[in-house]
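Structure record follows, encoded as C-alpha cells.
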Amino acid sequence: MEKLQRFCFVVGLLLLFWNSGFANQDINQQLSECKSLEDDQAQKALSLAEVQLAQLSKQDNALLYGGFLSCAAWAAVGLNQTELALTYASDLEVLIRNMDGAETKVNLLRRTGSVFHRLGNRVAAVDNYQKAMNLAESLNLINVQIPILVNLGVLHSQMREEEQAIKNYRQAIALMTELNDFTYHAPVLFNLALTLNGQQRYDESLSVFKQIEAMMTPQWPDRRKAQVYGGLASVYVSLKNYDKADDYNQKALTIYSAHKEKPILYYLSLTNQAEIFIARNQPQQALRVADQIWQYYQAAENRDQLMGINNPLYGLSNVYESLDELEKALNVRQYATEIDNEFQDTFNKEVMAQMQARLSDSQQRKQLAELKAQQIKDQIELNAIQHNRQLIILLVAFGSMLVLIYFYWQRQTNKRLHAISIRDSLTQLGNRRAIDKWLTARPMPDPPKKRLMWLIDLDLFKEVNDQYGHEAGDEVLKALAKTLTGFVNSDRMVARWGGEEFMIITDDLTEKEMNGFCDSLMHAIASTKIVYEGETISVTASIGVCSIEAKGDKAWHKALSAADKALYQAKEKGRNCMVCNQ
C-alpha cells in the first residue's frame, strides 16, 4: 500500500510538470502571435494581451508578463489610446526594475522607450533607451546596442541635438561593421547624411549619401529613393555643383510629382530648384518657384510640418535675398523665427511637464511602496513608524532638490540654445541674428562718428576650394574670422554674413578714419597665412562700405543694398580694394 501511494505521488508530479511545460509552450506561442499582430491588427493584439495579463502572475512569470505588457502598450499606441498605453508602459517600467540583468530586460527597456517615444514623452524615452544601452554594454550585448543607438539618434535629431545624434549614428555604424551585420545600415546612413547636411558638413554628408545611392535597388520604395535624390541635390547645391544638383533634383521631383499629395520634402526640392535657377541666371523662374513654396508654407494646415524637421524657411529666405526680394525675404525670416520660437517654447513646456509628471509618478510609486511596507512593519515593531516618516521627509526633500536642479538645467539649456542660435558653427563668429541683436541694443553714434557697414567678400575663394578642397576652405574661413576678431572693440562687431562673406559694423569711426581702418583691415587679411597639409594659403578681400543712417529695417535694407553694390564695384575694379557707397 505504501509503495502504491509513492508511485501515485511520483506519477502526479510527472503529470504536473508535463502539463506545465505544455502550458508555457502555449503561452509563448500566444506571445509570438501578439507581437505579430500589434502593428497591423492592433485591436486583436491588445485583446489577446489583456486576456493573458489577467491570467499570468507578475512574480512567477515576470518575463512573459513583461512581454504581454509590451505588446499591449504598443498596440494601444497604434489605436491612439494614449492613457492606456501610458499605463501599460509605466507598469512595464516597474516590472523591469525587479528583473535580473539579461538580454530580455534590455529588449523590454528599449521597447518601453519606444512606446514613450511614440507617445511624445521624450524624457521617459531617453531614460529607458539609456538604461537599455547601459545594461547592454555591461552585458557586452553588441548586437542589441545597434538598434538602441539608432533609437537614440532619431530622438536626439528630433530634439535638435544634432552632434549627439551624429555620435549615436556613427557608433551604430561602427558596431555594424564590427559584427558584419548591416540590418539597419541604410536608414542609419540616411539619418546621418541628413544630420550632417543640416550641420553644413557638406563633404561628409555627400560621402554618406553616395554610400546610400550605391546601395539602392529597384525594390526600394519610390519615396525613399526621392529622399535620397533630394538629399544629394541639397548637398550639391550647397557645394555649388549645380549641374549634378539639377540631375538629382529632377529625379526627386519626378517621383514626388507622381503622387497627388505632396510631402514637405517636395517643397524642399523646389527650394533646391529655385537656387539652381538663380545660379543659371533665371531669376523669373526662381521667383515663380519661390512664391509657390511660400504659399505652401503659409498655409495653416502645413504649419506643424515646419516644426517637424530642421526649419526649411531659412533656405527660402536666402532664395528671396538672392533675388533682391528683400521684403519677402524679411517676411519669410520673421515667420521662420516665429516657428523656431514656437518649437522651442512647445519643446520646453513638454519637457517640463514630462519631468514633473515623471517625478510625481516616481514619488507616488515610492510612497505607495513605503505605505505597504509600513503596514507590514507596524505589525512587528512600532518603532518602524517613525523610521518611515523620516524616510518620507528625505524623499520629499530629494524630490524638491530634483525640481530645483531641473529648473536650473532648463535655464542653462535656454541660455545655451540662445547662444547657439546667434553663433556661426564653423567660425564661432556671430551670425545675422547676432547682428540684429547688437544693432537693436545700441543707440546710433554721435556725429561726427557714423554707423558704418563693412561688407567683406574673400576674393577667388572658389579657387581655394577647388585647388585645396573644402576642408582647406573651412580652415581659411576660421583663420580669417580670428583675424577679423582682432578689429573688434566695444563699439564694433564682426559676424559671418554667409559663405565667404563677413560683415563688420563700426560705431566709432569718422569718414576721415575710414581709409586708415580699411588699409589696416585689408593688410591684416592679406597677411593671414594658413598652412594646410604643407601648403601655405593666403587670400585677399574686396570690401563694400556704406553708412547706416538710422535704426530700423528700412534703413538696414537700404544700407545693405548700398554695401552690396559697393562690393560689386570693388570686384569690378580688380578686387583687393574698397569702394564706399554713401
Side-chain angles (χ1 to χ4, degrees), residues 160 306 311 313-318 320-322 324-348 411-456 481 484-485 487-499 501-511 514 517 521 543-567 581-582:
R160 297 188 180 178
L306 300 179
N311 197 327
L313 289 163
Y314 292 107
L316 179 60
S317 175
N318 292 337
Y320 278 132
E321 285 184 17
S322 300
D324 286 331
E325 296 284 341
L326 300 181
E327 183 175 353
K328 289 183 178 180
L330 180 60
N331 290 336
V332 175
R333 190 164 291 275
Q334 288 175 340
Y335 191 45
T337 302
E338 179 183 335
I339 291 294
D340 278 348
N341 290 340
E342 182 178 343
F343 172 86
Q344 189 59 53
D345 184 58
T346 302
F347 174 77
N348 289 343
R411 182 178 179 184
Q412 295 301 113
T413 299
N414 288 338
K415 287 182 179 179
R416 181 170 62 85
L417 290 173
H418 177 70
I420 291 172
S421 71
I422 63 172
R423 185 174 70 243
D424 176 61
S425 61
L426 176 65
T427 63
Q428 301 304 308
L429 295 177
N431 57 18
R432 299 187 182 192
R433 290 183 182 178
I435 294 173
D436 182 66
K437 180 180 178 182
W438 192 84
L439 291 173
T440 302
R442 293 178 60 84
M444 293 294 293
D446 296 325
K449 296 178 180 178
K450 307 185 71 175
R451 175 163 289 172
L452 300 174
M453 176 190 294
W454 303 74
L455 193 56
I456 304 162
L484 295 177
T485 302
F487 288 84
V488 172
N489 58 31
S490 60
D491 293 315
R492 304 172 187 171
M493 87 156 296
V494 62
R496 184 182 180 191
W497 186 244
E501 286 189 335
F502 297 84
M503 179 179 287
I504 297 178
I505 306 294
T506 60
D507 278 354
D508 60 340
L509 298 176
T510 64
E511 286 191 33
M514 287 174 57
F517 178 81
L521 188 60
I543 303 176
V545 187
C546 72
S547 61
I548 304 174
E549 300 298 336
K551 300 186 71 169
D553 292 340
K554 185 176 181 180
W556 166 260
H557 290 298
K558 180 179 177 182
L560 183 61
S561 178
D564 194 58
K565 290 177 181 178
L567 177 60
N581 187 354
Q582 297 284 13

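- We find the CG-CG distance between Leu560 and Leu567 to be 10.5 Å, quoted to the nearest 0.5 Å.
- In this structure, the side chains of Leu484 and Trp454 stay at 4.5 Å or more apart for every pair of heavy atoms.
- Between the CG atom of Leu330 and the NZ atom of Lys554 there is a distance of 14.0 Å, given to the nearest 0.5 Å.
- For the pair Lys328/Leu316, no side-chain contact is recorded, criterion being any heavy-atom separation below 4.5 Å from C-beta on.
- Residues Ala562 and Cys546 approach most closely at CB-CB, 3.9 Å, considering heavy atoms.
- Here the CG-CG distance, from Asp553 to Leu326, works out to 11.0 Å after rounding to the nearest 0.5 Å.
- Counting only distance, with no hydrogens or angles, the side chain of Arg451 and the backbone of Pro443 share a donor-acceptor pair below 3.5 Å.
- Ser322 contributes a side-chain N or O that, together with a main-chain N or O of Asn318, makes up a donor-acceptor pair within less than 3.5 Å.
- For the residue pair Asp424 and Thr427, the shortest heavy atom distance occurs at OD2-OG1, 2.7 Å.
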Before you tell me yes or no, could you show the steps for Ile422 and Asn431 under side chain to side chain contact (heavy atoms under 4.5 Å, CB included), namely the whole-Å CA-CA distance, both residues' side-chain angles and the distance that decides it to 0.1 Å? CA-CA 5 Å; Ile422 63 172; Asn431 57 18; 4.0 Å; yes

Does Met514 form a side chain to side chain contact (heavy atoms under 4.5 Å, CB included) with Phe517? I'd like the steps, not just the answer. CA-CA 5 Å; Met514 287 174 57; Phe517 178 81; 5.8 Å; no

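- To the nearest 0.5 Å, the span separating CD on Glu325 from CG on Asn331 amounts to 11.0 Å.
- Atoms NZ and CD, from Lys450 and Glu549 in turn, are 5.5 Å apart once rounded to the nearest 0.5 Å.
- The two residues Ala329 and Ser317 make their nearest non-hydrogen contact at O-OG, 3.2 Å.
- In this structure the side chain of Phe487 never reaches within 4.5 angstrom of the side chain of Val494, judged on heavy atoms.
- Distance alone, capped at 3.5 Å, is enough to place a donor-acceptor pair between the Asn341 side chain and the Thr337 backbone.
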What verdict does the side chain to side chain contact (heavy atoms under 4.5 Å, CB included) test give for Trp556 and Met453, after you've listed the backbone C-alpha separation in whole Å, the side-chain angles of each residue and the deciding distance to 0.1 Å? CA-CA 9 Å; Trp556 166 260; Met453 176 190 294; 3.4 Å; yes

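- In this structure, the side chains of Ile505 and Leu452 stay at 4.5 Å or more apart for every pair of heavy atoms.
- Nearest heavy-atom pair across Ala566 and Gly544 is CB-CA, 3.7 Å.
- Here the straight-line distance linking atom CG of Leu429 with atom OG1 of Thr485 works out to 5.0 Å at 0.5 Å rounding.
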Kindly determine whether Leu521 and Ile456 satisfy side chain to side chain contact (heavy atoms under 4.5 Å, CB included), including the steps that lead there. CA-CA 10 Å; Leu521 188 60; Ile456 304 162; 3.8 Å; yes

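- Between Asp507 and Lys449 there is no salt bridge, since none of the side-chain N atoms of the basic residue sits less than 4.0 Å from a carboxylate O of the acidic one.
- Checked by atom type and distance alone, the side chain of Thr506 never pairs as donor or acceptor with a backbone atom of Arg492 at under 3.5 Å.
- Applying the salt bridge (charged side-chain N to carboxylate O under 4.0 Å, His left out) rule to Glu321 yields the partners Arg333, Arg432; only residues at least two apart in sequence or on another chain are considered.
- At least one donor-acceptor pair closer than 3.5 Å links the side chain of Lys551 to the backbone N or O of Thr440.
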